[in-house]
Amino acid sequence: MNNFFIDNGEQVVREVIADLLELFSEQIKEGHDPKTVIKYFGATLEVRLVDFEGSDVTKEENDKCVVV
């Protein structure tokens with residue numbers, strides 16, 4: 001597993017992550033799996049929230065998660 005860490009990232013990176021967390025929060029409240037798709041430079045990425053502060057937010061484990 002590859003781990004990627006964001007310590008003191010650029011402000012725009014922190015804003016994107018904050019937007020993702022807001023989106024995931026809304027999806028959880030609506031009973032949906034907290035995930036989204038990002039398309040960038042020809043790549044399609046699926047971003048999925050697996051855990052938040054020790055609370056399991058999904059029903060299945062994700063062994064391939066990237067730590068951010």
Side-chain angles (χ1 to χ4, degrees):
M1 175 170 69
N2 293 328
N3 294 322
F4 299 94
F5 297 95
I6 296 176
D7 291 327
N8 295 318
E10 296 289 329
Q11 181 64 30
V12 81
V13 173
R14 292 189 300 248
E15 290 172 4
V16 168
I17 291 174
D19 289 343
L20 286 171
L21 291 174
E22 282 185 36
L23 172 66
F24 295 151
S25 176
E26 292 171 17
Q27 291 173 333
I28 291 168
K29 288 177 187 174
E30 294 171 358
H32 301 294
D33 193 22
K35 65 181 178 182
T36 192
V37 173
I38 299 172
K39 294 186 178 188
Y40 187 72
F41 280 116
T44 302
L45 307 166
E46 182 177 73
V47 180
R48 182 171 158 239
L49 182 64
V50 177
D51 184 70
F52 188 76
E53 292 187 9
S55 298
D56 187 24
V57 296
T58 61
K59 293 184 172 95
E60 55 190 60
E61 293 295 322
N62 184 352
D63 294 333
K64 298 180 181 177
C65 101
V66 175
V67 179
V68 179

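Heavy atoms only: backbone and side chains are in, while hydrogens, waters and symmetry mates are out.
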Are V37 and L45 close enough that some pair of their side-chain heavy atoms sits under 4.5 Å apart? no
Show me, pair by pair, the donor-acceptor contacts under 3.5 angstrom made by side chains of residues 23-30, not counting sequence neighbours?
residue	atom	partner	partner atom	Å
Q27	OE1	K35	N	2.9
Q27	NE2	K35	O	2.9

Rounded distance (nearest 0.5 Å) linking atom CG of L49 with atom CG of D33: 9.0 Å
Separation of I38 CD1 from E46 CD (nearest 0.5 Å): 10.5 Å
